[in-house]
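Inspection log for the structure reproduced underneath, given as structure tokens.
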Amino acid sequence: MQTKNFNSELSTLIKLNEYLCQLKTKRIIQTRLFSYEELYGNSDIIISRTDSMKTQQINIPFPTPQNPKFTFIDLFAGIGGFRLACQSIGGKCVFSSEWDLNAQKTYCTNFGDVPHGDITLPETKASIPDNFDLLCGGFPCQAFSVAGYRKGFEDTRGTLFFDVAEIIKEKKPKAVFLENVKNLYTHDNGKTFSIIKQTLEDLGYHVFHNVMSPSEYANVPQNRERIFIVCFNKELIPNYADFTFPQKEKLTNKIHDCIEKGVKEKKFMYTEKMSHYNELLQAITSKDTIYQWRRKYVRENKSELCPTLTANMGTGGHNVPLILSEYGIRKLTPRECLNFQGFPKNFIFPDIAISACYKQAGNSVAVPLITKVCKMIWKILEQNL
């Protein structure tokens, strides 16, 4: 163990144990707390060792299926959008990774275990089991800096996709399911996506990709265009060519299906004491749409959809969409943001800062759309398991 890492890791351990104590007190989980030595021993195993927690699940909202159909790992897990989707169709999560401590808390509250931390660390990768079926993850969009863009896998070194590719190369899962922002396809004049696709193909995978929004494909009233990348190991999955993405479906859920009634807490309301209140008052006149404050003007979303929720909602009030309710102008609540992402009603936030809740909701995925894609992946995998 390197001395310079000891203090930060020990601090994380203390914070995590304190949080587990809170969960235990609230009877959300029952767990034996663990020591630094138990987790680390003589190696550099990081704090979030799920397999070291020895938890007994009590009232966990989303426990692991008793008789799983397939196994998956959950990279860049956030608060567990991919896990919700995979578990809902019979998948068992055998490894998860998420570096953000608040997101780890939310993940633990809902699934009963704490994700591993930084996926770039060799010791984290060493904890990934063999022989899982599906790799899932929403990795960040980053440019590749190697001149020439001709080296495929090596061009990705220094980015988080490199870590994903490294895991795929080592573990050879039957399928891979990745999600990213729509702009990944055109990022850096198309070079970024080209290298990603080439890398996956060089690793022996057939690559499918499509840009979809939950408002068009999953009956969720949010405009959220994302690129979905689905890959199959050609050697292990000979029927890979039968895969198709979900078809579009009619949007029947409306904005009001996601908005809660009776919300009047001061922390969500806008009043005359706030700057630009007069501008909001003049522009926000309909209870049937969602608005955004764009620093100098109000934008009305006339598509009858919620605008794309972003992680920036956690950095300031002006980034959170606005509505006109029976009590006046207010921000969407974190729960409403989860509703616009299609999260189940029994998914809960732990006792964390409201800014962290907004960030987590905006940084997550539209669960119903992820679920639909997972179902299409399973149709292919089940013939080969």
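By the 4.0 Å N-to-carboxylate-O rule, E249 lies close enough to K372 to be salt-bridged with it. Note on K125 versus E166: salt bridge recorded, some NZ/NE/NH1/NH2 to OD/OE distance being below 4.0 Å.
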request  = Report the C-alpha distance between C86 and L134 in whole Å, list the side-chain angles of each, state the deciding distance to 0.1 Å, and finish with yes or no for side-chain contact (heavy atoms from CB on, under 4.5 Å).
outcome  = CA-CA 10 Å; C86 289; L134 174 65; 4.0 Å; yes
task = Determine, stepwise, if the pair F228 / F245 fulfils side-chain contact (heavy atoms from CB on, under 4.5 Å).
result = CA-CA 9 Å; F228 297 85; F245 282 102; 4.0 Å; yes
query = Can you check side-chain hydrogen bond (donor to acceptor under 3.5 Å, both in side chains) on Q341 and S364, steps first, answer last?
reply = CA-CA 8 Å; Q341 292 280 41; S364 189; 5.1 Å; no
message = side-chain contact (heavy atoms from CB on, under 4.5 Å) for L135 and L178? Distances and angles first, verdict last.
response = CA-CA 8 Å; L135 179 151; L178 304 174; 4.0 Å; yes
task = Before giving the answer on ring-ring contact (aromatic ring centres under 6.0 Å, His included), spell out for F232 and F243 the whole-Å C-alpha distance, their side-chain angles and the decisive distance to 0.1 Å.
result = CA-CA 9 Å; F232 292 97; F243 173 80; 5.5 Å; yes
inquiry  = If you apply the rule side-chain contact (heavy atoms from CB on, under 4.5 Å), what do you find for D163 with L160, and how did you get there?
reply    = CA-CA 5 Å; D163 297 285; L160 290 171; 3.9 Å; yes
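In terms of heavy-atom proximity, T64 sits nearest to R83 at OG1-NH2, 3.5 Å. Shown here for N239 and N384, the closest heavy-atom pair between the two residues is OD1-ND2, 2.8 Å. V220 and P368 get closest at one heavy-atom pair: CG2-CG, 3.6 Å. Across A283 and Y291, no two heavy atoms sit closer than the pair O-CE2, 3.5 Å. Of all heavy-atom pairs spanning G117 and T124, the tightest one is O-CG2, 4.1 Å. Residue E98 comes nearest to G78 through the heavy atom pair OE1-N, 2.8 Å, listed as atom of the first residue, atom of the second, then distance.
Between F139 and F76, the ring planes lie tilted relative to each other; the angle falls in the 30° to 60° range. Using bins of under 30°, 30° to 60° and over 60° for the plane-to-plane angle, the ring pair F62/F111 lands in the tilted bin. H209 and F193 have perpendicular rings, their planes meeting at more than 60° on a 0 to 90° scale where under 30° would count as parallel. Relative ring orientation between H276 and W293 is described as parallel, the plane-to-plane angle staying below 30° on a 0-90° scale split at 30° and 60°.
For the side-chain contact (heavy atoms from CB on, under 4.5 Å) test with F161, the passing option among I195, L200, T192, L184 is L200; the others fail. Paired with Y107 under the rule side-chain hydrogen bond (donor to acceptor under 3.5 Å, both in side chains), one option of D74, D113, N102 passes, and it is D74.
At least one side-chain heavy atom of I352 sits under 4.5 Å from a side-chain heavy atom of C357. The side-chain heavy atoms of I354 and P334, taken from C-beta on, include a pair separated by under 4.5 Å. Looking at heavy atoms from C-beta onward, C306 lies in side-chain contact with L332 at the 4.5 angstrom threshold. Between F72 and C93, the closest side-chain pair of non-hydrogen atoms falls below 4.5 Å. Here the side chains of E304 and P221 are not in contact, with every heavy-atom distance at 4.5 Å or above. Taking the side chain as every heavy atom from C-beta outward, P246 and M212 approach each other to under 4.5 Å. You'll find the side chain of K345 reaches within 4.5 Å of the side chain of N339, heavy atoms only. I329 is not listed as a side-chain neighbour of M269, based on a closest heavy-atom distance of 4.5 Å or more.
Residues meeting the salt bridge (charged side-chain N to carboxylate O under 4.0 Å, His left out) test with E201, sequence neighbours left out: K197.
K171 places a side-chain N or O within donor-acceptor distance of the main-chain N or O of I128, the cut-off being under 3.5 Å. For the pair Q87 (side chain) and P65 (backbone), a donor-acceptor distance under 3.5 Å is absent. The closest donor-acceptor contact from the side chain of T289 to the backbone of N301 lies under 3.5 Å. The backbone N or O of T71 sits less than 3.5 Å from a side-chain atom of D133, completing a donor-acceptor pair. Judged purely by atom type and a 3.5 angstrom limit, D188 has no side-chain atom pairing as donor or acceptor with the backbone of K191. Within the 3.5 Å criterion, the main-chain N or O of V367 finds a donor-acceptor partner in the side chain of T371. Formation of a donor-acceptor pair under 3.5 Å by the N219 side chain with backbone atoms of N253 is found in this model. A donor-acceptor contact shorter than 3.5 Å links the side chain of E326 to the backbone of G262. A donor-acceptor distance shorter than 3.5 angstrom exists from the side chain of T308 to the backbone of N223, with no hydrogens or angles considered. Of the possible donor and acceptor atoms, none in the side chain of T186 sits under 3.5 Å from a partner among the backbone N and O of N189.
Among residue pairs with one or both ends in residues 216-234, those qualifying as salt bridge (Lys or Arg N to Asp or Glu O under 4.0 Å) are E179-R226, K182-E225; sequence neighbours excluded. Residue pairs meeting the ring pair (Phe, Tyr, Trp, His ring centres under 6.0 Å) criterion with at least one partner in residues 321-345, sequence neighbours excluded, are F343-F347.
Residue N131 qualifies as open at atom CG: its count of foreign heavy atoms under 6.0 Å is 12 or below. At most 12 heavy atoms of other shown residues, nucleotides or ligands fall within 6.0 angstrom of atom OH in Y185. Within 6.0 Å of the NZ atom in K261, the count of heavy atoms belonging to other residues, nucleotides or ligands does not exceed 12. Applying the 6.0 Å contact sphere to CD of E265 captures more than 12 heavy atoms from other residues, nucleotides or ligands.
In this structure, L84 is not a member of the same hydrophobic cluster as F177, with clusters built from ILVMFWY side-chain heavy atoms closer than 4.5 Å. No path of Ile, Leu, Val, Met, Phe, Trp and Tyr side chains, each step under 4.5 Å between heavy atoms, connects L251 with I370, placing them in separate hydrophobic clusters. Under the 4.5 Å side-chain heavy-atom criterion for Ile, Leu, Val, Met, Phe, Trp and Tyr, V230 and M376 are members of the same hydrophobic cluster. Placement of I167 and F70 in two distinct hydrophobic clusters is found when ILVMFWY residues are connected by side-chain heavy-atom separations under 4.5 Å, directly or transitively. Linking ILVMFWY residues whenever their side-chain heavy atoms come closer than 4.5 Å, directly or via other members, places I229 and L75 in the same cluster.
We find the OH-OG1 distance between Y205 and T199 to be 13.0 Å, quoted to the nearest 0.5 Å. Between the OG1 atom of T109 and the CG atom of N59 there is a distance of 12.5 Å, given to the nearest 0.5 Å. Rounded to the nearest 0.5 Å, atoms SG (C374) and CG (L381) are 10.0 Å apart. For the atom pair CD (Q222) and OG (S215), the distance works out to 8.5 Å, reported to the nearest 0.5 Å. To the nearest 0.5 Å, atoms OG (S325) and NZ (K287) are separated by 7.0 Å. Atom NZ of K375 is separated from atom CD1 of I380 by 15.5 Å, given to the nearest 0.5 angstrom.
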